[in-house]
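Any value given below was found using the heavy atoms of this structure, including those in side chains, with hydrogens, waters and symmetry copies removed. To find a chain, count down the sequence lines: A is the first, B the second, and so on, and within it residues start at 1.
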Protein chains: 2
Amino acid sequence: MNKPPRRPMTLRDVSEASGVSEMTVSRVLRNKGDVSAATRVKVQEAAKRLGYVPNRIAGSLASSHVNLVAVIIPSLKNMVFPEVLSGISESLDGTALQPVFGVTEYRPEKEEKVLFEMLSWRPAGVIIAGLEHSDPSRAMLAQAGIPVVEIMDTDGEAIDACVGISHRRAGREMAEAILAAGYRKIGFMGTQMPLDHRARKRFEGFTRTLAKSGVEITDHEFYAGGSALTKGREMTQAMLARHPDLDFLYYSNDMIGAGGLMYLLDQKIDVPGQIGLAGFNGVELLAGLPRRLATMDACRFEIGACAANIIAKRVAGEDPGPSLVQLTPRIDFGDTLVRK
Amino acid sequence: MNKPPRRPMTLRDVSEASGVSEMTVSRVLRNKGDVSAATRVKVQEAAKRLGYVPNRIAGSLASSHVNLVAVIIPSLKNMVFPEVLSGISESLDGTALQPVFGVTEYRPEKEEKVLFEMLSWRPAGVIIAGLEHSDPSRAMLAQAGIPVVEIMDTDGEAIDACVGISHRRAGREMAEAILAAGYRKIGFMGTQMPLDHRARKRFEGFTRTLAKSGVEITDHEFYAGGSALTKGREMTQAMLARHPDLDFLYYSNDMIGAGGLMYLLDQKIDVPGQIGLAGFNGVELLAGLPRRLATMDACRFEIGACAANIIAKRVAGEDPGPSLVQLTPRIDFGDTLVRK
DNA sequence: GTGAAAGCGCTAACAT
DNA sequence: ATGTTAGCGCTTTCAC
């Protein structure tokens, strides 16, 4: 039985074990340059036998190439972001690039910290949620000299590239659909998140469009914490108690919308006859509900995949295509938003 | 307007800008060693003005200290894992350590690749889901000379430390509860995942315990892909069509369980009078459903937090506590598993 | 309290 | 096809 070596293994160990120079070992392990088949085999065997794991820290320092892509998102608790990550992960799968994730909790200071931390590893690119960043954050991104893709939102000024949807437009289109369907007494429910700029923009797009038609939302409520489904239930109940004459409820996400839907069905309220409903995100989950909630897909997976693709292309020196990719989600009317 | 420098900034730039030696600049930036207040201020100002971001690749190579913790999980699509990540992330928040995530898609080869990739960054520790790994993976982990915490499952042989629950026991306890409640004609539904060892162990614990009481499951079905809620619906419908006399349905996760519950409620079937139901995971989501599905908490957040804690303690040289932490989830009977 | 020298483990560039 | 040399940007160690 060999004890595991205390000193981590180096190229030199493989070199000695195989009787081949460090340089050639390095070449074999990276499939770079011409190496004779015989040497190649000798080296590979030695490396495998020893269980050699290269030290990328040294490698990256020497080559000034890093195969990391920094990905910065607000949260992991909202399924939206894991889905974006999946898109990134899958899109990067064929390449040598590797995603590294950081979470900001919707806090600009935390974003700054995480960004600094990640940039200190000199990643090959950055994918970051949103267009709103502190000045130091923007400065860091601009200075980094690497591709930066801001994702999820296109309403604003991008530093470099941008992939997402217009949340103002999403709010606007939902408002238009609701008005077109004949609803007029409208309530809004959303998360209490001053720093969730995308939710804010949807809300703004929504209320402004209503205003243009002379409609003002009758009631609105914002929540924080707790199970979204439960909150949707509770808020819906409370809002209808305050305004029994409401004929439409727009929810800033599908989860609370689903909660509201469940409540209304429990109460035997006619949906969408008496009250119409809509959410946002197009979460796959909802497909199994008794009635399909109207919603709008946020293109989460696609956004991740496309952003990663831009980074990969740029790193490879290929043409990454346009630096602004605006996806245009369509309304899914489901069963809860229909002409009265 | 200054153009962003093409050559990334180094300590030397800060040194020159501040008139202080590189060495002292380094000390200031790391709060190490004695530096006069005057010099400290000079350096900090220069660093800030220039927007200097240290190069941790060089730093880590020189110091052979890396502040990364590798976290390896099967998937991001199942909310369970983002929750574990949140636990890790929060637990590491006070420390200098930073989590780095890799996804295996439940495939041992991919796990091996991801592990190799991550170990090549010489992380300070590894947190990895499950106890089942390929021989090369186990060898890498054992050789790495860093703390390794295997999480989520305690049924097996850990390489180093282990934090999780016993899924066999979870299956067993659920079986016992179901039998105690008087149910006898039992159906099982789960994911078609030969490589999801935890689901497999729950199933084994479940069926073995039933067998001890002379009960064999009447029917079972495994699904792959699609919306879990929808699948739960469909499978439940199909299974009841095959066996209308079933009196209990055990689902390997809460999502398909919720789908089943919705179907049964739609059909006006008496739950839990005619049929009892149980899921697994304790997903917060379900709190808003019309009836609370019986379930068992998988302690996801807690597992992540505890694992991260062990790594942090070990890295800090403190006592990490016992190397096997077995959490014991209790059954939440909800409204769907009650004595008949 | 500060600085100079050496070297972390690897790879680019240049031999041979 | 293989080896040699220099150095990536920082920190450790030791000197002052």
Side-chain angles (χ1 to χ4, degrees), chain A residues 5-44 46-47 50 52-68 96 117 119-124 144-145, chain B residues 5-44 46-47 50 52-68 96 117 119-124 144-145:
Chain A
R6 228 34 274 153
R7 175 183 61 70
M9 209 174 312
T10 69
L11 259 193
R12 171 171 223 119
D13 297 310
V14 181
S15 164
E16 284 169 2
S18 62
V20 176
S21 79
E22 279 186 53
M23 196 53 232
T24 301
V25 171
S26 167
R27 279 194 269 253
V28 171
L29 265 25
R30 287 176 301 140
N31 294 313
K32 275 270 173 85
D34 291 329
V35 181
S36 74
T39 336
R40 163 164 278 112
V41 168
K42 252 195 304 188
V43 170
Q44 282 167 336
L50 298 175
Y52 173 68
V53 176
N55 184 333
R56 268 200 209 284
I57 295 181
S60 295
L61 182 60
S63 66
S64 40
H65 284 316
V66 181
N67 69 338
L68 265 23
E117 206 63 35
L119 288 179
S120 74
W121 287 101
R122 300 289 186 265
Chain B
R6 233 24 283 154
R7 176 183 60 70
M9 209 174 315
T10 69
L11 259 193
R12 170 170 222 120
D13 297 310
V14 181
S15 162
E16 284 169 1
S18 63
V20 176
S21 80
E22 279 187 51
M23 197 49 239
T24 301
V25 171
S26 168
R27 280 194 268 253
V28 171
L29 265 25
R30 287 175 302 139
N31 294 313
K32 274 269 172 87
D34 291 330
V35 182
S36 73
T39 333
R40 165 164 275 111
V41 169
K42 253 196 304 190
V43 170
Q44 282 166 337
L50 298 175
Y52 173 67
V53 176
N55 185 332
R56 268 200 208 283
I57 296 181
S60 295
L61 181 61
S63 65
S64 40
H65 283 316
V66 181
N67 69 338
L68 265 24
E117 205 63 35
L119 288 180
S120 75
W121 287 100
R122 299 289 187 266

Residues passing the side-chain hydrogen bond (donor to acceptor under 3.5 Å, both in side chains) test with B:R56, sequence neighbours excluded, are A:E117, A:S120
Can you see if the side chain of B:Y52 gets near the phosphate of D:dC10 - specifically, an N or O under 4.0 Å from OP1 or OP2? yes
Could you check how far NZ of A:K42 sits from P of D:dA1, rounded to whole Å? 15 Å
Between C:dC10 (C1') and A:I57 (CD1): distance, integer Å: 11 Å
From B:E22 CD over to B:D13 CG, what is the distance, rounded to the nearest 0.5 angstrom? 9.0 Å
According to a strict under-4.0 Å criterion, is A:S26 in side-chain N/O contact with OP1 or OP2 of C:dT11? yes
Indicate yes or no for a side-chain donor-acceptor contact from B:S18 to the backbone of B:V14 under 3.5 Å, with no hydrogens or angles considered. yes
note: A:R40, atom CZ; D:dT2, atom C1'; distance rounded to Å ~ 13 Å
Below 4.0 Å: OP1/OP2 of D:dT12 and any side-chain N or O of B:R30: yes
Considering every strand and a 4.0 Å limit on heavy-atom distances, what is the contact class for B:N55: base, sugar-phosphate, or nothing? sugar-phosphate
Euclidean distance, atom NE2 of residue A:H65 to atom P of C:dA13 [Å, nearest integer]: 9 Å
Check whether any side-chain N or O of A:S63 sits under 4.0 Å from OP1 or OP2 of C:dC10, and answer yes or no. no
Take the protein atom CZ of A:R12 and the nucleotide atom P of C:dT11, then report the distance between them rounded to whole Å. 15 Å
If I take atom CG in residue A:L61 and atom P in nucleotide D:dT11, what distance separates them, rounded to the nearest angstrom? 12 Å
Each nucleotide N or O in nucleotides 4-6 of chain D that has a protein N or O under 3.5 Å away: list the pair and distance.
none

In whole angstroms, the gap separating P of C:dG9 from CG of A:D13 amounts to 10 Å
Classify B:T10 by what it touches in the nucleic acid, base, sugar-phosphate, or nothing, heavy-atom distance under 4.0 Å. sugar-phosphate
Out of C:dG9, D:dC10, C:dT2, minimum distance to the side chain of A:A62 belongs to C:dG9
Under 3.5 Å, is there a donor-acceptor pair between the side chain of B:R122 and the main chain of A:P54? yes
Specify the separation, in whole Å, of atom CG of B:N67 and atom C1' of D:dT11. 15 Å
Side-chain heavy atoms of B:V43 within contact of B:L29, under 4.5 Å: yes
A:T39 side-chain proximity, nearest of D:dA1, C:dG9, D:dC10: D:dA1
CE on B:M9 to CG on B:N55, rounded to 0.5 Å: 12.0 Å
Could you say whether B:S64 or B:D34 is positioned toward the 5' end of DNA chain C, judged by the nucleotide with the nearest heavy atom to each? B:D34
What residues form a side-chain hydrogen bond (donor to acceptor under 3.5 Å, both in side chains) with B:S64, not counting sequence neighbours? none
